[in-house]
Every structure is written in structure tokens, then in C-alpha cells.
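Taking it in order: structure first as C-alpha cells, then the write-up.
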Number of protein chains: 2
Amino acid sequence: MTRLEDIARETGFSIKTVSRAIHNHPDIKRETKELIMEVVRKRGFTPNWAAQSLRNQKTNTIGYIIPNITNGFFGEIGIAIDAFFRAKGYSTLICFTSDSRENEIESIRSLLAKNIDGIILAPIGNQGEYIDQIPNLDDTPLVLIDNRLSGPARNYVLQDNEGNSRRLAEHILGHGHTQIGFITGPLEESSSRERLNGFRDALEEARLSFDESLVRSVDWEIHSGYEATKDLLDQKGSSRPTAIIYGNTQLLLGGYKALREKGLSIPGDIAVASFEHPDIIDALSPCPTTLEKVEARIGQAAAEMLLSIIESKEKMPPREVYIPSQLVIGESCGCSGRR
Amino acid sequence: MTRLEDIARETGFSIKTVSRAIHNHPDIKRETKELIMEVVRKRGFTPNWAAQSLRNQKTNTIGYIIPNITNGFFGEIGIAIDAFFRAKGYSTLICFTSDSRENEIESIRSLLAKNIDGIILAPIGNQGEYIDQIPNLDDTPLVLIDNRLSGPARNYVLQDNEGNSRRLAEHILGHGHTQIGFITGPLEESSSRERLNGFRDALEEARLSFDESLVRSVDWEIHSGYEATKDLLDQKGSSRPTAIIYGNTQLLLGGYKALREKGLSIPGDIAVASFEHPDIIDALSPCPTTLEKVEARIGQAAAEMLLSIIESKEKMPPREVYIPSQLVIGESCGCSGRR
DNA sequence: TTGAAAGCGCTAACAT
DNA sequence: ATGTTAGCGCTTTCAA
């Protein structure tokens with residue numbers, strides 16, 4: 001490993017002068033600096049991170065903790081976070097917890113041990129009390145995204161789930177449907193619960209009754225969307241839905257498969273709309289009606305919020321930011337198509 | 001931040017004794033240790049990572065550099081790597097390069113500055129010389145995955161692309177097809193080139209001529225698979241393929257959309273098979289014939305290789321590991337189905 | 001404009 | 001079985 005001292009010896013200056021050159025300190029002669037920087041480049045010297053952060057008590061590093069790295073939603077948020085902080089001279093450490101609370105706590109602890117300057121966390125579940133019990137965490141700026149936890153006020157960047165849900169439902173209602181299925185994730189999760197609430201509000205406003213037999217709450221997986229869709233269409237006693245709204249991409253994908261297998265045409269036999277806006281949308285025909293992409297905006301908002309907390313000296317009261325998104329009309333709802 | 005010294009003061013022992021307790025050193029009385037550990041737990045103390053690694057010249061951390069975090073393939077490899085190293089007491093830092101060579105070099109340098117113990121890199125492109133020019137990198141164990149670069153021998157974990165391609169092609173040939181389309185990625189990339197080679201070998205062995213007009217080399221994106229498929233089916237002069245093999249999931253997805261839009265039934269009108277084995281397979285009907293999942297095995301193999309290099313004292317000659325995979329018969333090739 | 005020395009938190013020799 | 005001390009590489013007073 002190349003050290004400051006190696007550069008100092010090679011150039012004949014002291015360690016401190018080399019340090020000054022690297023950090024663009026004004027108190028240094030221009031030629032001295034150029035001489036030193038030449039050697040620095042040649043040797044590929046980069047200051048030892050551990051030594052620097054030990055000395056400065058500042059790591060210029062933030063942590064990003066997500067349930068699952070293979071989830072494109074969190075991946076794209078991460079890209080936005082990384083881009084923002086990279087431009088400010090920070091690095092981003094990503095940890096994934098495989099949907100385990102234990103791993104989540106372990107990740108937080110390991111980030112704290114690294115003295116990172118702040119954390120952006122996409123928490124799992126709905127119980128938030130455990131967060132308040134992690135020692136030393138209150139000294140570290142923390143922003144939560146996408147999922148609200150129980151407990152005291154915290155810094156959040158959330159989606160406008162209710163509003164988004166209302167926009168989707170109103171659009172489907174506008175096509176004249178009155179029997180609308182709604183397939184979403186676990187209702188303990190705030191995101192899922194809020195989506196259902198928005199749906200219910202839209203029905204109320206349209207003076208339609210909310211029919212619980214048209215709602216399915218399952219986990220967020222493809223096969224669950226597949227089975228819930230079949231279940232919804234096969235049920236006896238109630239009339240068939242003429243439209244279905246899906247709570248995320250996975251559920252939609254499962255739904256498309258089920259509808260295709262049943263020989264139902266979209267939107268002819270059944271209209272469809274869905275939350276989120278995955279890249280994989282390009283593989284689907286008909287192109288589904290969805291919402292705008294929000295990943296970049298969530299990442300940006302969370303990163304800005306975190307940086308402002310890191311940079312502010314005094315403690316700030318918790319803030320919440322809601323990211324809304326507009327409809328993106330496709331061909332699955334009955335409109336004549338987009339693009 | 002809680003320090004060793006805080007625990008020492010609170011328990012009345014010296015710093016060193018506390019350190020011994022934490023590290024399970026034998027030279028410590030059982031009760032002393034229990035007394036200390038109680039306070040350690042209460043305070044949530046974790047040794048300062050920077051101080052530890054500065055002192056030990058060992059960080060127990062490895063770096064994992066990938067082109068794109070939203071690619072599920074690299075994500076799942078990362079999960080396997082992280083699981084392996086976590087069990088050995090190591091952390092994994094993930095960096096993504098957004099397919100930019102500049103970011104890739106920058107990521108390597110930032111990992112070197114952190115004194116990480118080793119790097120697993122999924123390199124982009126096919127030129128490898130730049131790697132040899134990164135200062136100080138030769139002291140750090142490095143394992144490359146999935147893509148072979150030009151230049152000297154290196155540590156690699158690769159897929160058996162030729163063998164896999166041959167297996168896919170032989171299966172399709174076994175269904176009696178003689179006009180087989182092949183849609184794959186850029187031929188500069190070793191993975192893509194080797195896949196095409198395997199396909200050509202299988203044709204030769206079956207005494208069929210290799211018809212270049214049935215091959216498309218595009219980028220690895222969904223829309224490219226869509227357009228290449230339409231292009232292949234629309235071309236004049238040559239007879240239509242009765243089967244198509246896709247080089248990855250994205251291309252397959254685009255292909256399914258194109259075939260559906262053309263009203264062709266799979267496998268009735270056209271047989272289909274594809275490399276990789278994505279989770280999204282559950283959303284497709286008919287279920288495509290693919291290869292086994294290899295992500296976990298690639299990650300495991302790369303992690304094992306890297307750890308063995310980290311732990312070995314003397315320099316070892318570069319090694320290569322090839323991960324083969326078997327066919328997974330679906331419904332898209334003409335077989336009667338699986339499961 | 002440059003250099004010397006102290007100390008960030010931790011661990012390994014070396015005492016006791 | 002426990003404590004003292006030096007030093008990992010860096011930056012920041014302070015002095016020259």
C-alpha cells in the first residue's frame with residue numbers, strides 16, 4: 001500500500017506538505033504541489049480510508065439497507081441515491097437483509113461500527129419499536145423509505161399511495177366498470193393498506209359500494225398474483241369483476257398469466273391496471289396502464305433529506321415527504337393506446 | 001460513539017481486558033468476561049471498524065463490483081457471495097458501475113483505499129489491459145466473473161457457455177427443427193460469442209449448415225429481442241425459422257411479445273428456448289424451456305476462490321472455474337410440459 | 001511556505 | 001490474569 005510517507009520520501013517534502021497538496025490547501029507553492037501531484041498520480045495514491053475516517057470522525061459514506069437486492073424497485077432507488085451522494089463526494093454502502101429483521105438489525109449495527117455518516121433504510125414489517133432500541137442509532141441521521149412503521153415520528157420518504165390508488169381507480173371507473181377487483185399485498189404493510197384505502201375512497205366517491213369479496217390480500221409474489229386472479233374469477237355467488245387493479249408488478253405479471261390461460265382478452269373481456277412501472281413493461285402485451293416511475297424521485301428525495309440532516313448541526317424535527325405519481329395510460333384499461 | 005475505554009471505565013477494568021473479553025481471548029477470568037460482556041451488550045458496543053482495520057491491516061471486508069444493480073442475475077450472485085462471506089465473518093461492499101469503464105476503475109480505486117481484503121468483479125466489455133494498469137491492484141486478490149477479458153491469465157468463474165448452448169441446440173434439434181434462429185448479445189462479449197460457437201457446433205454435429213441469416217446479435221435489452229424477433233420472421237428470401245433460441249431473459253421476453261403480437265403460438269407455430277432461468281419465468285405462458293439457475297453456484301464458486309486466495313500466504317497461479325448447467329424442460333420447445 | 005508532534009480507537013508485545 | 005505502551009496512516013494545531 002502506498003502511504004503519504006512514501007510520497008513524502010520520494011518527493012523530498014514532508015508528510016504534511018503532501019497532505020496539503022492532495023487537499024488543495026492554499027498554503028502551498030504551486031510548483032511544489034504540481035511536483036507532488038505528479039508522483040501521487042504515478043503511484044496511484046489514495047488516502048487510506050480507515051486512517052482518514054478515524055482521524056476525521058467522518059467517513060463520507062452512507063449506508064443503504066434494503067430487504068432484497070433483486071427487487072428492481074429498490075435497485076433503482078439505490079442508483080439515484082448513489083448518484084446523488086457520489087456527486088457530493090460520498091460513497092454508498094448497500095446492505096440487504098433478505099427480509100429478515102435479524103439481518104436488518106445486524107446491518108444497522110455493522111454500519112454504525114463503520115461510523116457511516118447516515119443511513120437510508122427500507123424497513124420490513126410494520127413494527128418500529130425495535131429501531132428505537134438499537135444502541136447509538138439516535139446519533140446517526142436516518143431516513144426511512146417506502147414503508148411506515150409504528151412508533152414515534154421519523155424521517156420518511158413515502159409514496160402517495162392513497163392518491164395513486166384513487167387515480168388508478170377513478171380511471172377504471174371512468175371506463176364504466178362497477179365490479180372492480182383489487183389484488184394487493186399484506187394489509188399490515190402501510191403501502192398495501194393505504195392503496196386499499198384509496199381504492200375504497202374512489203368507490204365511495206363514485207357512490208359504489210365496496211365489495212370485500214372482490215379484494216385479495218396476498219404476498220407480493222408473482223404466483224400469488226396468479227392464484228389470486230384465478231380465485232377471483234372462479235368464485236361463486238358473486239358476479240365476476242370486469243376489471244382488476246394490481247398492487248405491484250409481480251402481482252400484475254401473475255395476473256396476466258392467469259388471464260391469458262383463461263382465454264380472457266385484455267381489455268376486451270377484462271380491464272387491467274397496476275401500480276408501479278417496471279422496465280419489464282416492454283415485454284407485456286397489451287401494454288398495461290400503470291403509474292409513472294417514482295424510483296429516481298424517491299431516491300433523490302431521500303438522499304437530499306439525509307444530506308441536509310448530516311450537514312445541519314442541530315437536531316431537526318422529523319420530516320415526511322410524499323412522492324405522488326401520475327397515471328401512464330396503456331392499452332390494458334380500454335383506452336386506445338399510448339406512445 | 002461507545003469506545004473500548006467507556007466500557008473499561010464503567011467496569012473498572014483496563015482497555016485491554018475489555019478487548020480480551022470481546023475477542024474471546026483465553027487469558028481472562030470467566031466472571032470478568034461475563035461482567036464485561038454484560039456492559040458491552042447493554043451499551044451496544046461494536047469495535048470501531050476504522051480503528052480495527054487500521055491496526056490490523058485487515059478489514060474483513062470484500063468488494064463486489066457489478067455493472068448494474070437492477071440486473072437480477074448479478075443480484076442473485078451477490079446474495080450468494082454475501083451469504084458465504086457473512087458466515088466467515090466478512091462484510092460485502094457492493095459497487096455498481098452503470099456500465100461505465102470510468103466508474104468501474106473509480107470503484108476499484110475506492111475499494112483499494114478502503115483496504116478491502118479482496119474483490120469480485122463482473123467486468124464490462126472485453127478489453128482487460130486497463131486492469132493491469134490500476135496501481136496497487138496486484139496486491140489485492142481479484143476474481144472475475146461471467147465475462148472473460150483480453151490480456152494475461154486471471155482468476156475467473158465463468159459459465160460453460162459453449163456446453164450450455166450445445167445442450168439447448170441439441171434439444172431443439174431433437175424436436176426435428178432444421179431452421180433455428182439464434183438471437184444473442186454483442187459478439188465482442190465472450191459470453192455471447194461462446195454461446196454462438198456452441199450453437200454452431202451443435203449444428204455441425206447434426207450435419208446441418210450454419211445459416212448466418214438466422215442469427216441476430218443485438219444488445220441484451222427487451223426491446224432488442226422484440227425487434228430482432230420481428231426482423232427474423234419478416235425477412236425475405238430465406239425460409240422462416242421454426243424455432244428460436246434466445247441468449248438471455250430480456251431477449252426472450254421481447255421475443256415472447258413479438259411472437260404473441262404476430263399471432264404465432266408457442267410451440268405450435270414456433271418452438272422457443274432460452275439461456276438463463278429468471279424468477280419471472282412464472283409469469284410466462286407457455287413456460288419457457290431454459291437452463292438451470294446458476295447464480296448461486298457462480299457466487300459460491302467465486303466466493304470460495306476469493307477466500308482461498310485471501311487466506312493463502314503465497315501467490316497462487318490464476319485459476320478458472322466453469323459452471324455448467326442442465327436443461328430445464330418447459331412447454332415452449334414442444335415437449336409436453338414439466339412439473 | 002513548510003515541518004514536528006499529538007492523537008483518533010484499537011490490538012499485540014511486553015510487562016507485572 | 002491483568003495493565004502499559006507503542007504504533008497503524010492520517011490531519012490538525014502550533015512552531016519555524
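A, B, ... follow the sequence lines: proteins, then strands. Residue 1 opens every chain.
- Between A:Ile7 and A:Arg43, the closest side-chain pair of non-hydrogen atoms falls below 4.5 Å.
- Straight-line distance from the NZ atom of B:Lys114 to the P atom of D:dC10: 15 Å, rounded to whole Å.
- Phosphate contact (OP1/OP2 of C:dT11, side-chain N/O of B:Gln57, threshold under 4.0 Å): absent.
- Taking every side-chain heavy atom of B:Asn48 into account, C:dC10 is the closest of D:dT2, C:dC10, D:dG9.
- Annotation: proximity of residues 1-12 of chain A to DNA chain D (heavy atom, distance under 4.0 Å) is found for A:Arg3, A:Leu4, numbered in ascending order.
- Counting heavy atoms from C-beta on, the side chains of A:Glu295 and A:Ile79 never come closer than 4.5 Å.
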Practice task
Applying side chain to side chain donor-acceptor pair (under 3.5 Å), run through B:Ser190 and B:Asn147 and close with a yes or a no.
Solution key: CA-CA 6 Å; B:Ser190 65; B:Asn147 183 22; 3.3 Å; yes
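- A:Asn60 has its CG atom 14 Å from the C1' atom of D:dT11, to the nearest Å.
- Atoms CD1 (A:Ile15) and C1' (D:dG7) sit 13 Å apart, rounded to a whole Å.
- Scanning residues 23-41 of chain A for heavy-atom distances under 4.0 Å to DNA chain C yields A:Asp27, A:Ile28, A:Lys29, A:Thr32.
- Taking a 4.0 Å limit (strictly below) on heavy-atom distances, residues 49-56 of chain B reaches DNA chain C at B:Ala51, B:Gln52, B:Arg55, B:Asn56.
- A:Ser150 places a side-chain N or O within donor-acceptor distance of the main-chain N or O of A:Gly128, the cut-off being under 3.5 Å.
- Using a 4.0 Å cut-off between a side-chain N of Lys or Arg and a carboxylate O of Asp or Glu, A:Lys293 and A:Glu76 qualify as a salt bridge.
- Distance alone, capped at 3.5 Å, is enough to place a donor-acceptor pair between the A:Asp6 side chain and the A:Arg3 backbone.
- Taking the charged nitrogens against the carboxylate oxygens, A:Arg20 and A:Asp27 have no contact shorter than 4.0 Å, which rules out a salt bridge.
- Using a 4.0 Å cut-off between a side-chain N of Lys or Arg and a carboxylate O of Asp or Glu, A:Arg148 and A:Glu189 do not qualify as a salt bridge.
- Of the possible polar contacts, one joining the A:Ser107 side chain to the A:Asn103 backbone as a donor-acceptor pair under 3.5 Å is found.
- Here the C1' atom of nucleotide D:dT12 and the CZ atom of A:Arg20 are 10 Å apart, to the nearest Å.
- Side-chain N/O atoms of A:Ser14 include one lying less than 4.0 angstrom from OP1 or OP2 on C:dG3.
- Contact annotation: B:Ser19 reaches the phosphate of C:dT11 (side-chain N/O to OP1 or OP2, under 4.0 Å).
- Rounded to whole angstrom, the span from the CZ atom of A:Phe45 across to the P atom of D:dG9 amounts to 10 Å.
- Counting only distance, with no hydrogens or angles, the side chain of A:Asn60 and the backbone of A:Tyr90 share no donor-acceptor pair below 3.5 Å.
- Among the candidates A:Asp132, A:Leu142, A:Val143, the single residue satisfying the side-chain contact (heavy atoms from CB on, under 4.5 Å) test with A:Arg154 is A:Asp132.
- Checking D:dC10, D:dG3, C:dG3 against the side-chain heavy atoms of B:Lys16 singles out D:dG3 as nearest.
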